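Quick notes on the structure that follows.
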Amino acid sequence: MRRFLRTGHDPVRERLKRDLFQFNKTVEHGFPHQPSALGYSPFLRLMAIGTRSGAIKLYGAPGVEFMGLHEENNTVMQIHFIPDQCQLVTLLDDNSLHLWSLKQHSGASELREEHLLYLGTESGNIFVVELPSFRVLEDRTITSEAVLQRVPEDYCNRRSCELVEALREHPKNPDQILIGYSRGLIVLWDLQNNKVTHHFLGSQQLENLYWQRDGSKFISCHYDGSYTQWPVSSDNRHPEPLENFVPYGPFPCKAISKIYWQTTKNGLPYIIFQGGMPRASYGDRHSISVVHGSQQIAFDFTSRVIDFFIIFSSEPTAEFDDPSAMVVLAEEELVVIDLKTAGWPAVHPPYLASLHCSAITCSHHVSNIPLKLWERIISAGSKQNIHYSSMPWPIDGGTNIAPDPPQRDLLLTGHEDGTVRFWDASGVCLHLLYKLSTVRVFLTDADPNDNMNPLGEDEWPPLRKVGTFDPYSDDPRLGIQKIYLCKYSGYLAVAGTAGQVLVMELNDEDAEHVVDHAEADLLQDQEGYRWKGHEKLKTRDGPVRFEAGFQPFVLVQCQPPAVVTSLALHSEWKLVAFGTSHGFGLFDHQQKRLVFVKCTLHPSDQLALEGPLSRVKSLKKSLRQSFRRIRRSRVSGRKRRGGSGNASEVQEANAKFDQDTLQEMELAPVQRKIEARSAEDSFTGFVRTLYFADTFLRDSSRHCPSLWAGTNGGTVYAFCLRVPPAERRMDEPVRAEQAKEIQLMHRAPVVGILVLDGRSNPLPEPLEVAHDLSKSPDMQGSHQLLVVSEEQFKVFTLPKVSSKLKLKLTALEGCRVRKVTVANFGSCKTDDYSENDLAVLTNLGDIQIISLPFLKLQIRYPCIRKEDVSGIASCVFTKYGQGFYLISPSEFERFSLSTKWLVEPRCVVDMPEVTSNNHVHKSGMENCSSSPLGTSVNNSRSDTHGDPIGILFQKFRKVFWCLQTSASPTCDEALLTSLFNKQFSCQEYT
Amino acid sequence: MNRPHRGAAGSRGLGTMEVKSKFGAEFRRFSLERSKPGKFEEFYGLLQHVHKIPNVDVLVGYTDIHGDLLPINNDDNYHKAVSTANPLLRIFIQRKEDADYSAFGTDTMTRKKNVLSNVLRPDNHKKKPHIVISMPQDFRPVSSIIDVDILPETHRRVRLYKYGTDKPLGFYIRDGSSVRVTPHGLEKVPGIFISRLVPGGLAQSTGLLAVNDEVLEVNGIEVSGKSLDQVTDMMIANSRNLIITVRPANQRNNVVRNSRTSGSSGQSTESSLPSSTPNILANFLQGEEESDEEDIIIEDSGEPQQIPKAAPTSESLESLTQIELLHEPTQNGFLPSNEMNLNHSAGSISMEYEVQDPDHKSLEEDGTIITL
């Protein structure tokens with residue numbers, strides 16, 4: 001009956017729900033997964049990154065971000081900004097072109113100019129496409145025949161034009177474009193007269209071209225690792241190269257795939273090129289070399305270089321390039337090099353941080369950090385960043401108009417290499433504040449000093465490692481599994497894969513001290529069990545030097561050294577609780593004394609005792625056995641049949657038998673066993689959650705500190721703690737005694753425990769009341785206990801535990817709770833109303849909001865695909881109804897459930913004034929494509945059509961306009977600017 | 001934690017087994033040779049002897065590992081009682097003339113009994129059935145077909161009763177597709193099917209479920225649109241009181257009802273179910289409330305107890321299974337025995353924390369849940 005009441009709508013509540021809850025995916029933090037293309041507009045000072053999944057992201061000044069997604073989800077091959085426009089063209093790997101434009105929503109009239117797009121093709125022809133209509137101007141096509149007309153006979157015979165490798169507009173004269181063909185021929189084409197003016201007869205396979213600023217020279221780079229300078233003058237139509245140079249010769253070198261020539265006031269040019277390393281010894285390096293006079297550095301990147309660009313003076317009137325920075329997009333990170341400061345240091349990027357420089361193993365979010373702690377963390381972090389350049393971020397297009405974030409939020413990520421990174425998660429830019437390493441406490445195989453081997457002065461090539469991406473962990477046991485930060489006291493507890501629990505304190509100075517050790521034997525006196533998993537980490541003896549920041553002062557080592565599965569810190573009582581798959585313990589970090597341990601194992605749970613290795617072994621074993629079984633059955637089948645009949649019959653029978661077996665194997669459907677959970681199930685002792693509360697555990701007149709623990713087997717243990725008063729804190733021991741134990745009959749894993757005070761509000765965090773940041777809890781009324789298992793939410797009364805309310809989730813919907821947090825939701829209409837609810841993520845990737853204390857489902861949003869297991873596992877909620885989850889190893893998606901707390905990009909890109917060069921609008925921008933033509937197309941050219949032009953339309957397809965507002969990435973009327981995708985469908989032209 | 005103690009208790013006398021027998025308010029303790037229990041007649045005589053009731057006709061019962069009171073009236077169930085007793089065999093003896101047959105059966109030991117039930121069913125104490133064996137109360141229900149009156153004939157709603165851990169529910173489900181009648185004609189839609197029955201499992205032993213039966217609902221919730229994993233989780237979450245509605249693959253054993261004129265054999269689920277849904281839900285809710293699992297709470301100072309209901313529903317008395325009675329430890333309930341407590345507390349003393357009043361802690365044993 002109750003169910004019908006439940007569905008009844010209360011209009012007041014419904015209205016309130018609309019004011020409180022709203023689901024938005026607001027911004028993606030981190031580094032795009034699998035980037036494939038880079039573009040830069042010196043005019044807008046915006047950078048664009050395309051990815052293999054068809055996403056395109058624009059970045060300018062910190063906070064200025066746009067994102068769009070091609071509907072086709074194909075790899076973005078090239079990105080070209082249209083000069084002096086808020087538009088860009090992308091080329092995808094399906095040979096389609098897409099025009100994107102940044103549009104002002106506020107109806108500012110836009111300059112409509114005619115732009116031409118030059119498309120170089122594999123056949124050697126160049127097509128001219130009019131923008132924005134994508135109309136091909138057939139009469140202006142530059143065919144290879146026309147180009148070859150005046151090429152000397154012997155050169156022409158030796159090689160055909162092959163594909164168009166590079167197209168470059170003349171820096172001063174927009175009527176001339178430089179065309180480079182892959183076999184080495186370079187021509188200067190006059191667009192007015194439709195003829196070649198200069199021929200440059202290169203002998204090496206061409207990779208790329210670059211004009212000198214004044215247009216008197218250009219530079220070409222080649223496949224053999226050389227670059228060549230060519231003069232351009234009106235008297236010589238067939239000039240010889242000025243200089244041909246192999247920078248890393250004389251041994252064979254890899255190709256130089258891109259080159260820049262930048263002039264400076266002092267006369268010495270910057271020559272910056274990608275690749276060109278000696279093939280045999282350094283062929284595997286991903287390098288970009290910068291040469292400026294006698295200075296030369298080959299920047300060695302941690303992953304493949306996708307593309308790079310140089311930021312230089314874009315003023316058309318300026319005489320010199322004067323490069324200021326180099327921006328390099330590598331596969332796993334973005335590196336910016338300051339070219340103005342001596343030594344060319346790297347610039348600390350304010351966004352696009354490589355979250356995955358070591359794989360993320362856990363994350364923890366702390367809202368509303370007090371200013372004092374915030375400043376101390378920043379100052380600790382700034383000491384780590386001294387090697388970075390002080391240059392302001394050079395990509396500064398657009399204006400961030402988002403209001404300042406209302407509070408300071410920290411996102412802490414734990415990594416596989418034993419580090420914890422502190423990110424500023426207050427705004428749109430996820431920015432690294434401070435990096436903490438726990439490695440120093442332990443002895444590992446790798447010597448900490450042998451990273452960054454310093455190169456000698458005369459080392460050649462002059463390689464310098466840049467970037468932070470380092471996915472190779474020295475020891476997987478160092479991995480961080482749980483983090484707990486107390487924002488008021490600056491205490492931090494960190495727990496890892498090998499059962500290590502470190503308690504740290506923030507210290508503003510470097511210090512050298514001994515880390516105290518304690519062991520917690522969680523098996524107690526359980527006999528006859530053998531841990532077959534990894535060993536504990538060896539610790540460093542004697543004092544250890546720690547840099548300013550969080551410095552560990554005590555290490556609690558769990559025995560057996562299994563992964564720490566839960567962690568809680570109470571900074572007021574100076575206690576830390578930790579749990580593994582074997583049990584849990586409580587440690588007094590003031591007196592550095594273990595208070596108690598409790599083994600949660602079920603005696604029959606052999607798997608948990610032996611550790612993870614035996615499990616792998618048994619899986620292998622069972623696989624092997626099953627293969628043996630199949631083989632045996634086949635062999636016996638053959639034998640049976642072999643007894644009678646002739647050979648062919650046997651063969652036939654065998655073939656049939658094999659087929660049958662195969663079919664049987666293929667047809668075996670996915671099955672699921674329906675079985676009630678029993679006490680004997682494995683990993684029932686796994687401690688899932690730990691919680692400290694000051695509540696009425698024994699009787700309703702006196703409240704006392706308590707520790708609650710929930711296990712995988714649906715058991716909740718409650719311990720009554722006796723913490724001595726502050727003045728005798730060091731003299732008397734902390735005592736604990738078990739007060740209660742609750743066995744949930746449905747035996748589902750307990751994922752959350754919470755105590756609600758007399759007003760049904762969750763108890764405040766430790767020290768929150770002491771800092772006047774929270775009302776003290778109501779200790780008069782009766783407290784309630786909320787136990788969240790994977791399947792049900794249950795409210796019990798306290799101190800006498802009796803079931804009061806429950807919400808069955810799995811039994812009704814078939815989904816299970818994966819993450820749960822209490823979140824505070826404020827109304828967007830009135831400032832004074834806010835309420836606490838549970839934010840829940842299920843295994844189906846849905847997010848549900850459940851009211852407290854009545855456990856009513858408020859609202860449900862699909863958020864993560866249910867197949868995205870790592871996304872669901874990585875999700876972390878904030879205290880104010882936002883959340884993060886990993887959409888790739890390197891990117892967090894941020895979402896918001898609240899109408900009030902919303903962190904999303906709000907930015908404007910103003911069109912800078914077009915100052916001079918009125919002729920620009922007539923000239924085209926270049927774009928070249930070197931995608932292979934399909935064989936069928938080649939055939940049709942030679943056979944059916946006499947006219948080669950028709951073929952190339954086929955290749956590039958006809959395009960139509962189709963303006964879709966839905967394709968705009970952030971379709972919010974409050975946004976002034978957003979991206980529009982002007983799409984065109986592809987149709988074969990015949 | 002409990003297993004080792006039980007083992008220790010059992011191994012105390014290797015071949016012998018403790019017997020604790022209760023008649024009226026009196027207890028007798030003696031031991032039996034576990035390997036050679038002898039015949040029921042001898043045991044009966046022994047009981048009469050130790051209780052000094054040589055000429056009284058009595059009914060003998062024992063508590064099995066699930067906490068159920070089961071009768072001993074022949075060699076077979078006597079041997080079963082001896083072989084399963086661990087560590088001790090608890091015997092309850094009643095005079096035949098005032099025997100309470102309703103005391104036997106499922107959940108008798110954990111069932112709560114109160115005055116109300118005595119008022120409601122006073123005949124329990126008076127009635128003396130003539131036939132001792134095959135009392136329905138002596139058997140626990142395994143499964144039932146329910147809601148026959150409101151379901152289409154092609155469907156079957158089966159309720160499985162799961163007790164203890166010895167017998168698994170024992171079936172597997174898979175994805176499949178079935179043909180339905182929809183407004184657009186026949187359509188192939190995905191469905192969930194039973195793929196395998198575990199031999200000896202509960203599902204197979206009922207005979208009500210078969211391979212290739214299509215699962216339509218789980219505890220009143222339609223499975224259409226749900227994934228295999230979701231349905232699996234729903235079934236497991238409801239496993240203590242699992243009600244599944246199936247369309248049997250074999251439609252020849254269906255219950256035929258004459259009263260229904262609109263006998264809709266072969267009709268699709270979509271067309272037939274909505275009309276009956278509210279009714280079904282109401283039924284389910286009752287079932288759910290009654291046999292709902294109760295968590296076990298152990299307080300350090302008190303006795304273990306099941307969580308009392310905050311608001312007992314009175315209308316749930318009209319039951320499909322058993323009625324919830326309030327618990328009365330002295331009568332038919334479990335008996336807090338001191339030596340058990342001592343055993344138990346020996347294990348729970350740990351070096352790091354003090355155990356307060358270990359004698360007040362007690363062990364509860366109700367078959368599936370053994371907790372400290």
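The sequence lines fix the lettering, A, B, ..., with proteins before strands; numbering per chain opens at 1. Because the structure is predicted, anything quoted here is derived from the model rather than measured.
Using a 4.5 Å cut-off between heavy atoms, A/L809 does not touch chain B at all. Heavy atoms of A/A748 lying under 4.5 Å from chain B are absent altogether. With a threshold of 4.5 angstrom between heavy atoms, A/Q671 approaches chain B through its backbone and through its side chain. Using a 4.5 Å cut-off between heavy atoms, A/P799 contacts chain B through its backbone alone, with no side-chain atom that close.
Taking both residues in full, the closest heavy atoms of B/Q230 and A/E813 are given as NE2-O, 3.2 Å, listed atom of the first, atom of the second, then distance. Considering all non-hydrogen atoms of both residues, A/A811 and B/I221 come closest at O-CD1, 3.4 Å.
A/T715 OG1 to B/I298 CD1: the interatomic distance, rounded to the nearest 0.5 Å, is 9.0 Å. The structure places CD1 of A/I674 at 10.5 Å from CE of B/M234, a figure rounded to the nearest 0.5 Å. Taken from CD1 in B/I173 to NZ in A/K673, the straight-line distance is 13.0 Å, to the nearest 0.5 Å. Taking CG of B/D175 as the start and CZ of A/R672 as the end, the distance is 8.5 Å to the nearest 0.5 Å. Taken to the nearest 0.5 Å, the CD1 atom of B/I296 stands 11.5 Å off from the CD1 atom of A/I742. Distance check: B/D233 CG to A/N843 CG gives 6.0 Å after rounding to the nearest 0.5 Å.
Scanning for salt bridge (Lys or Arg N to Asp or Glu O under 4.0 Å) contacts around B/D213 gives an empty result, with sequence neighbours left out. Residues passing the ring pair (Phe, Tyr, Trp, His ring centres under 6.0 Å) test with A/F696, sequence neighbours excluded: A/H703, A/H783.
Using a 4.0 Å cut-off between charged side-chain N and carboxylate O, A/K794 and B/D295 make a salt bridge.
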